[in-house]
Engineer: 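Here it is: the structure, laid out below.
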2 protein chains.
Amino acid sequence: MSKRQVIKEKPIIKGKQVTSRGEEDYIKAIYKLSDEAEGERVTNHQLAVYFAHTAQTVNEMVRKLEKKEMLVYQPYKGSVLTTLGMEEAVRLIRAHRIWETFLTDKLGYAWEEVHEEAEMLEHLTSTKLADKLYAFLGAPEVCPHGNYIPALSDLKRDDLDTCGRLKLSKAKKGKQYCLKSVVDDKALLVYLNSLNIYIDLCFKIIERDLVSDIVTLTYDGRNTPLSGAVAQKLFVCEVYDAEDNA
Amino acid sequence: MSKRQVIKEKPIIKGKQVTSRGEEDYIKAIYKLSDEAEGERVTNHQLAVYFAHTAQTVNEMVRKLEKKEMLVYQPYKGSVLTTLGMEEAVRLIRAHRIWETFLTDKLGYAWEEVHEEAEMLEHLTSTKLADKLYAFLGAPEVCPHGNYIPALSDLKRDDLDTCGRLKLSKAKKGKQYCLKSVVDDKALLVYLNSLNIYIDLCFKIIERDLVSDIVTLTYDGRNTPLSGAVAQKLFVCEVYDAEDNA
DNA sequence: TCAATTCTTAAGGTTAACCATAAAAAGTTG
DNA sequence: CAACTTTTTATGGTTAACCTTAAGAATTGA
């Protein structure tokens with residue numbers, strides 16, 4: 001009733017979020033972890049390790065997301081995303097990969113530089129913006145790391161990272177392969193740069209030492225040994241049109 | 001010392017911000033308001049109205065920004081940005097206008113749709129990203145609303161919105177003008193759309209009624225009356241190569 | 001100049017997203 | 001199945017960004 005109320009005149013619009021940044025990060029993490037691990041449920045412990053959060057914090061976040069019906073949580077068992085949660089995760093992953101593609105293809109970023117930027121931008125990307133960007137990019141199939149850019153309706157997680165592809169660590173000696181995707185890990189990407197390894201590079205496996213756990217590839221006329229740890233993060237397709245360059 | 005500490009293993013990187021979203025909004029607001037009003041100092045009251053925040057909140061934010069040396073505050077007088085604060089404001093305005101240009105020029109957004117998106121994106125735009133985007137856009141001079149895109153070193157506020165331009169409300173009857181910029185106000189932009197008025201449109205003023213406060217323009221072979229309120233939000237340059245289309 | 005008005009600020013509250021400590025509950029295993 | 005480990009959750013704390021109420025200080029104008 002006082003004149004001071006006049007201050008309330010202009011209610012500037014602000015981003016009204018249904019899910020906050022933190023919540024979105026949890027949804028994405030659950031989506032990813034439920035794929036990496038064999039089981040479907042993601043335990044609170046896994047999330048605690050992933051985010052370096054305490055058990056209590058994880059518990060609170062999971063309970064909050066449960067109330068919002070983004071996931072179903074069973075104490076001592078873990079969480080499974082609901083369809084709503086999956087949709088949210090796919091929306092974020094789609095935006096993430098679209099931004100990564102934009103940053104490399106249009107702005108000339110290196111593939112190891114795009115993750116952090118995309119990680120921020122994805123959270124403010126409306127469906128409209130994502131779709132327009134995607135069209136502008138020419139509807140690319142994959143991001144700079146070779147992972148599929150899912151459509152919003154595309155909730156099948158298996159397709160996203162590895163469908164039709166083989167871990168290099170499971171490839172066979174003597175055969176030829178083409179690199180199709182890599183895990184989005186900065187140190188790995190920088191390392192691959194130093195070896196001149198990139199998406200769509202074709203090579204032959206000339207050695208696979210199970211004791212030392214080293215795979216040796218041939219490309220560019222030279223031999224390159226890769227540790228099992230690295231080989232596990234590279235996904236390849238077999239190539240049949242033989243043509244040696246050793 | 002307990003085994004539970006193992007949880008602390010993986011400290012995922014997060015955006016470490018020097019200035020938060022809220023602080024950045026205050027810096028931008030002070031920058032803008034110190035230009036719009038005649039005086040240089042921006043009072044807490046102005047900020048309270050602008051954000052629809054309470055006096056207490058404004059006070060807290062201003063004091064916080066003062067501690068960070070982004071501004072100098074004099075109780076009962078108001079705030080002035082320091083060079084540091086100005087740089088921050090220009091960085092944000094630059095990012096804002098670059099995003100607006102990207103959204104319209106590359107993604108086909110309408111000029112009334114870009115403000116909100118840019119308002120969010122600007123806060124996560126590193127100098128590197130802004131510069132790359134800017135180059136990608138072909139180093140445009142102005143945003144879709146005709147406002148100059150400042151360089152980071154460009155702290156002169158006067159140039160940004162009106163340099164060398166005239167408010168349409170001060171234009172003279174009988175002369176020809178070209179629309180150079182408009183205030184970024186959604187309702188206004190939609191209204192201008194309906195009149196087919198856009199940046200770089202040239203027209204002649206055929207009437208200026210001081211009593212009714214209406215300016216009448218001629219373009220596209222028709223006469224269009226504009227209220228003083230609208231005319232105040234349009235900035236024009238005089239055009240000398242005469243050519244009637246009335 | 002003094003009363004009215006406006007501005008500032010102290011005190012204390014809220015919510016979100018984190019934290020630690022510690023107890024209670026469930027699972028695991030010898 | 002008892003002991004041990006892990007997981008959950010209650011309690012209580014922190015900071016940031018907001019809020020209200022209300023007191024106190026400065027400005028203004030008649």
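Keep in mind it's a predicted model, so treat the numbers as computed, not measured. Chain letters run A, B, ... following the sequence lines, proteins first, then strands; residues in each count from 1.
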Engineer: How many Å lie between CG on A:L47 and P on D:dT8, as a whole number?
Structural biologist: 10 Å

Engineer: Hey, are B:R94 and B:D131 close enough for a salt bridge, meaning a charged N less than 4.0 Å from a carboxylate O?
Structural biologist: yes

Engineer: Hey, what's the ring geometry for B:H145 with B:W111, parallel, tilted or perpendicular (30° and 60° as the breaks)?
Structural biologist: parallel

Engineer: When you check the gap from the basic side-chain N to the acidic O, do A:E113 and A:K186 get nearer than 4.0 Å?
Structural biologist: no

Engineer: Protein-nucleotides 10-13 of chain D N/O pairs closer than 3.5 Å?
Structural biologist:
{"from": "D:dA10", "atom 1": "N7", "to": "A:Q56", "atom 2": "NE2", "distance (Å)": "3.4"}
{"from": "D:dT11", "atom 1": "O4", "to": "A:Q56", "atom 2": "NE2", "distance (Å)": "2.8"}

Engineer: Rounded to the Å, how far apart are B:F51 CZ and D:dC18 C1'?
Structural biologist: 13 Å

Engineer: Give the rounded distance in Å between these two atoms: NZ of B:K67 and C1' of D:dT15.
Structural biologist: 14 Å

Engineer: Would you kindly give the NE2-to-C1' distance between B:H53 and D:dC18, to the nearest whole Å?
Structural biologist: 7 Å

Engineer: Roughly, in whole Å, what's the span from CZ in A:R21 to P in D:dA16?
Structural biologist: 18 Å

Engineer: Using the test ring pair (Phe, Tyr, Trp, His ring centres under 6.0 Å), find all partners of B:H96 that sit at least two apart in sequence or belong to another chain.
Structural biologist: B:H115

Engineer: Can you tell me how far C1' of C:dT6 sits from NE2 of B:H45, to the nearest Å?
Structural biologist: 9 Å

Engineer: In whole angstroms, how far is the P atom of D:dC19 from the CE atom of B:M61?
Structural biologist: 11 Å

Engineer: Could you pick out which residue, B:E23 or A:T43, lies toward the 5' side of DNA chain D when each is mapped onto its nearest nucleotide?
Structural biologist: A:T43

Engineer: Please check the phosphate of D:dT8 (OP1 and OP2 only) for any side-chain N or O of A:R63 closer than 4.0 Å.
Structural biologist: no

Engineer: For A:N59 and C:dA22, give me the distance from atom CG to atom P, rounded to whole Å.
Structural biologist: 19 Å

Engineer: Check step by step if side chain to side chain contact (heavy atoms under 4.5 Å, CB included) holds for A:F102 and B:F136.
Structural biologist: CA-CA 11 Å; A:F102 172 70; B:F136 176 65; 4.2 Å; yes

Engineer: What pairs with B:R208 under salt bridge (Lys or Arg N to Asp or Glu O under 4.0 Å), at least two apart in sequence or on another chain?
Structural biologist: none

Engineer: Mind checking B:Y73 for me? I need base, sugar-phosphate or nothing, with any heavy atom below 4.0 Å counting as a touch.
Structural biologist: sugar-phosphate

Engineer: The criterion is side-chain contact (heavy atoms from CB on, under 4.5 Å); which residues satisfy it with B:P75, sequence neighbours excluded?
Structural biologist: B:R63, B:Y73

Engineer: Quick one: which residue pairs count as a salt bridge (charged side-chain N to carboxylate O under 4.0 Å, His left out) with a foot in residues 72-89 of chain A, not counting sequence neighbours?
Structural biologist: A:E88-A:R91

Engineer: Salt bridge between B:E23 and B:K28, side-chain N to carboxylate O under 4.0 Å?
Structural biologist: no

Engineer: I'd like a list of close polar pairs between nucleotides 26-30 of chain D and the protein, N/O only, cut-off under 3.5 Å.
Structural biologist:
{"from": "D:dA26", "atom 1": "O4'", "to": "B:Y76", "atom 2": "OH", "distance (Å)": "3.2"}

